[in-house]
Amino acid sequence: MTKKEVSADQLVSHIIKGIEEVKGQDIVVLDLREIENTVCDYFIICNGTSNTQVNAIVNSIQKLVSKSLKEKAWHIEGSDNAEWVLMDYVHVVTHVFQKHIREFYDIEGLWGDAKTMKIESTI
C-alpha cells in the first residue's frame with residue numbers, strides 16, 4: 001500500500017482501534033472538513049487516567065498504524081510529561097490527554113462547529 005492509498009478514514013479507524021486496545025477513554029472524533037481554514041480533516045480526542053496510560057495509548061496508536069498502514073506520525077509532541085500528547089498524521093491529528101488537562105483545554109468546545117462523533121467503546 002502506498003502512502004497515497006491510505007485515506008484519512010482508514011487512519012481514523014486504526015487510531016481508534018489503537019486507543020481502544022489500551023482502554024483509552026471518552027473517544028471523540030471531530031470532523032473538520034466542512035470548516036474553512038482548518039489544519040487537518042479530523043481531530044481524534046481521548047484521555048487516559050495517568051501519564052503511563054497516556055504514553056501507552058500513544059505507543060499503541062504508533063504500533064498499530066505503522067504495522068497496518070505503514071504510516072508514521074509526521075510529528076509527536078508532549079510525550080515528556082504525557083499530560084497532553086499531540087500526534088500529527090497530517091490529515092488526522094490525535095490529542096491524548098489526561099482527563100483534567102482535557103477538561104481544562106476543552107478542545108471540543110473550541111471546535112464546537114465541527115461535526116462530532118462519540119465513539120462508544122467496546123470495553
Side-chain angles (χ1 to χ4, degrees):
M1 187 179 282
T2 68
K3 282 204 184 287
K4 288 178 185 147
E5 290 171 2
V6 175
S7 72
D9 291 337
Q10 284 176 299
L11 203 46
V12 167
S13 68
H14 281 77
I15 290 170
I16 290 169
K17 196 178 194 184
I19 296 167
E20 289 177 333
E21 281 188 2
V22 288
K23 298 181 177 19
Q25 301 169 344
D26 301 323
I27 306 167
V28 174
V29 178
L30 301 182
D31 183 343
L32 307 174
R33 293 175 297 176
E34 292 180 17
I35 300 171
E36 284 186 41
N37 303 319
T38 57
V39 293
C40 61
D41 293 338
Y42 296 98
F43 276 168
I44 300 175
I45 304 166
C46 71
N47 54 267
T49 55
S50 65
N51 56 353
T52 304
Q53 189 186 19
V54 166
N55 278 327
I57 293 167
V58 170
N59 292 335
S60 176
I61 292 168
Q62 283 181 295
K63 280 184 194 153
L64 200 107
V65 170
S66 175
K67 191 174 170 185
S68 303
L69 302 176
K70 309 289 184 252
E71 285 284 318
K72 278 193 160 82
W74 177 71
H75 185 71
I76 295 178
E77 203 168 299
S79 300
D80 292 344
N81 65 8
E83 290 184 341
W84 174 5
V85 179
L86 182 141
M87 305 177 75
D88 186 347
Y89 283 94
V90 183
H91 297 293
V92 180
V93 173
T94 303
H95 301 270
V96 185
F97 288 99
Q98 286 189 42
K99 190 174 176 69
H100 66 286
I101 302 292
R102 179 178 182 172
E103 289 167 357
F104 180 80
Y105 285 101
D106 188 27
I107 301 279
E108 292 99 321
L110 289 173
W111 292 90
D113 45 354
K115 282 185 194 162
T116 303
M117 184 173 55
K118 212 167 170 42
I119 306 299
E120 293 307 319
S121 191
T122 53
I123 304 165

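The figures here come from the full heavy-atom set of this structure, side chains too, leaving out hydrogens, waters and symmetry mates. Each residue takes its place number in the sequence, starting with 1.
- Every pair passing salt bridge (Lys or Arg N to Asp or Glu O under 4.0 Å) that includes a residue from residues 93-109 is listed here, sequence neighbours excluded: Asp26-Lys99, Lys99-Glu103, Arg102-Glu108.
- By the 4.5 Å heavy-atom criterion applied to side chains, Val29 and Phe43 are not counted as neighbours.
- Side-chain contact between Ile76 and Val85 is present, with heavy atoms from C-beta onward closer than 4.5 Å.
- Of the possible polar contacts, one joining the Lys70 side chain to the Lys67 backbone as a donor-acceptor pair under 3.5 Å is found.
- Taking both residues in full, the closest heavy atoms of Trp111 and Thr38 are given as CZ3-CG2, 3.6 Å, listed atom of the first, atom of the second, then distance.
- Taking hydrophobic clusters as Ile, Leu, Val, Met, Phe, Trp and Tyr residues chained together by side-chain heavy-atom distances below 4.5 Å, Val39 shares a cluster with Leu110.
- With hydrophobic clusters built from ILVMFWY side chains whose heavy atoms lie under 4.5 angstrom apart, Ile101 shares a cluster with Val93.
- With a 4.5 Å cut-off on side-chain heavy atoms, Val92 and Cys40 do not count as touching.
- Legend: residues meeting side-chain contact (heavy atoms from CB on, under 4.5 Å) with Thr116, ordered by chain and number and at least two apart, are Val28, Leu30.
- Of all the heavy atoms in Ser60 and Gly18, the pair that sits closest is OG-O, 2.6 Å.
- Without hydrogens or angle criteria, Gln10 side chain to Ser7 main chain gives a donor-acceptor distance under 3.5 Å.
- To the nearest 0.5 angstrom, Glu71 atom CD is 13.0 Å from Gln62 atom CD.
- Taking a 4.5 Å side-chain heavy-atom cut-off between Ile, Leu, Val, Met, Phe, Trp and Tyr, the cluster of Trp74 extends to Val90.
- Every pair passing side-chain hydrogen bond (donor to acceptor under 3.5 Å, both in side chains) that includes a residue from residues 79-89 is listed here, sequence neighbours excluded: Trp84-His95.
- Using a 4.5 Å cut-off on side-chain heavy atoms (C-beta onward), Lys17 and Ile61 make no contact.
- Atoms NZ and SG, from Lys23 and Cys46 in turn, are 14.0 Å apart once rounded to the nearest 0.5 Å.
- Applying the side-chain contact (heavy atoms from CB on, under 4.5 Å) test to Asn51 and every residue at least two apart in sequence or in another chain returns Ala82, Gln98.
- Distance check: Leu86 CG to Glu77 CD gives 6.5 Å after rounding to the nearest 0.5 Å.
- When side chains are defined from C-beta on, Gln25 counts as touching Thr49, because their heavy atoms get closer than 4.5 Å.
- Remark: Asn37 CG to Leu32 CG distance equals 12.0 Å, nearest 0.5 Å.
- Proximity of a side-chain donor or acceptor of Ser68 to a complementary backbone N or O of Leu64 within less than 3.5 Å is detected.
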Val54 and Phe97: side-chain contact (heavy atoms from CB on, under 4.5 Å), yes or no, with the steps? CA-CA 7 Å; Val54 166; Phe97 288 99; over 6 Å; no

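- For residues 34-54, every residue pair satisfying the salt bridge (Lys or Arg N to Asp or Glu O under 4.0 Å) rule, not counting sequence neighbours, is listed here: Glu34-Lys115.
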List the steps, then state whether side-chain contact (heavy atoms from CB on, under 4.5 Å) holds for Ile119 with Met117. CA-CA 6 Å; Ile119 306 299; Met117 184 173 55; 4.1 Å; yes

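- Each of Thr94, Ile45, Ile19 was scored for a side chain to side chain contact (heavy atoms under 4.5 Å, CB included) with Ile27, with one residue passing: Ile19.
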Would you check, one step at a time, whether the test side-chain contact (heavy atoms from CB on, under 4.5 Å) holds for Leu11 with Leu69? CA-CA 8 Å; Leu11 203 46; Leu69 302 176; 3.9 Å; yes

